[in-house]
Amino acid sequence: GVGHTRGVIWTGWTDSLGNYRARVISNRNYLALASKEGFLPQYYNHKPTVETADTIRVTRDTSGFNFNLAVRPVPNNSVSGRVRDSSNIGVPSRIVLIPARNIFPPTPWGTRYGHTDSLGNYTIAGVEAGRYFVMAMPFSNYAAAFYKANACGVIRIQDADTVNIAG
């Protein structure tokens, strides 16, 4: 679940009881992270971020590096709208919400997907609060476009407006 990160020397899985065993080089410092789909990732000693993570010094066979993962809360925010052309006709489309913080450099974290109904209306629920770019990718006859207030969309993300989702 954490992908390929430079410097990662061991990844593994737990058994059905949550037990794990990692083989690492002794006399070195490590950061330990546990993650699972649907749960908040956690560094050793109940730390939520790499900046606050405790370093573990491994000098011999050791145990007791335990994790208690919390269920990831489902946000109660949503975004809705309508994709339409310059004649105000609804355009069935795929919708992509791209967190503004993930643009430079681009990353997939937090990106959400949905689609409109046949009239171009959409709602995407369970969205984390934050600023997003909204992109419509029509199923046919139209080019993809980003949301721009008082416009019929723009092609470049640099010209797009963001929407603030906070409810």
Atom [atom1] in [X], atom [atom2] in [Y]: separation rounded to 0.5 Å?
X      : Y      : atom1 : atom2 : answer
Tyr30  : Ile56  : OH    : CD1   : 10.5 Å
Leu17  : Asn19  : CG    : CG    : 5.5 Å
Arg131 : Asn164 : CZ    : CG    : 8.0 Å
Cys152 : Tyr147 : SG    : OH    : 12.0 Å
Tyr113 : Ile98  : OH    : CD1   : 7.5 Å

query = Angle class for the Tyr44/Phe65 ring planes (parallel below 30°, perpendicular above 60°, tilted otherwise)?
reply = perpendicular

Does any part of the side chain of [Y], heavy atoms only, come nearer than 4.5 Å to the side chain of [X], both counted from C-beta?
X      : Y      : value
Val127 : Ser78  : no
Val79  : Tyr132 : no
Pro41  : Leu33  : yes
Val134 : Ile95  : yes
Phe133 : Thr111 : no
His115 : Val83  : no
Thr59  : Asn27  : yes
Arg72  : Phe39  : no

Closer than 3.5 angstrom, by distance alone: can the side chain of [X] be matched with the main-chain N or O of [Y] as a donor-acceptor pair?
X      : Y      : value
Thr123 : Ser80  : no
Asn77  : Ile165 : no
Tyr142 : Arg84  : no
Ser93  : Val91  : yes

In terms of heavy-atom contacts, does [atom1] of [X] have more than 12 from other residues, nucleotides or ligands at under 6.0 Å?
X     : atom1 : value
Lys36 : NZ    : no
Arg57 : CZ    : yes
Asp61 : CG    : no
Asn29 : CG    : yes
Leu69 : CG    : yes

ask   = What do the steps show when you test Met137 against Val96 for side-chain contact (heavy atoms from CB on, under 4.5 Å), and what is the final call?
value = CA-CA 8 Å; Met137 300 170 53; Val96 183; 3.8 Å; yes

Minimal non-hydrogen separation, [X] against [Y], with atom names:
X      : Y      : value
Gln42  : Asn68  : NE2-O, 2.9 Å
Pro138 : Ala144 : CD-CA, 3.9 Å
Arg112 : Ile124 : NH2-CG2, 3.8 Å
Tyr122 : Arg82  : CE2-N, 3.8 Å
Ala100 : Thr162 : CB-CG2, 4.1 Å
Pro75  : Pro73  : CD-O, 3.4 Å

ask   = Val58, Ile25: one ILVMFWY side-chain cluster at the under-4.5 Å cut-off?
value =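 Yes, Val58 and Ile25 fall within the same hydrophobic cluster.
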
query = Does Lys47 pair with Asp54 as a salt bridge, N-O distance under 4.0 Å?
reply = yes

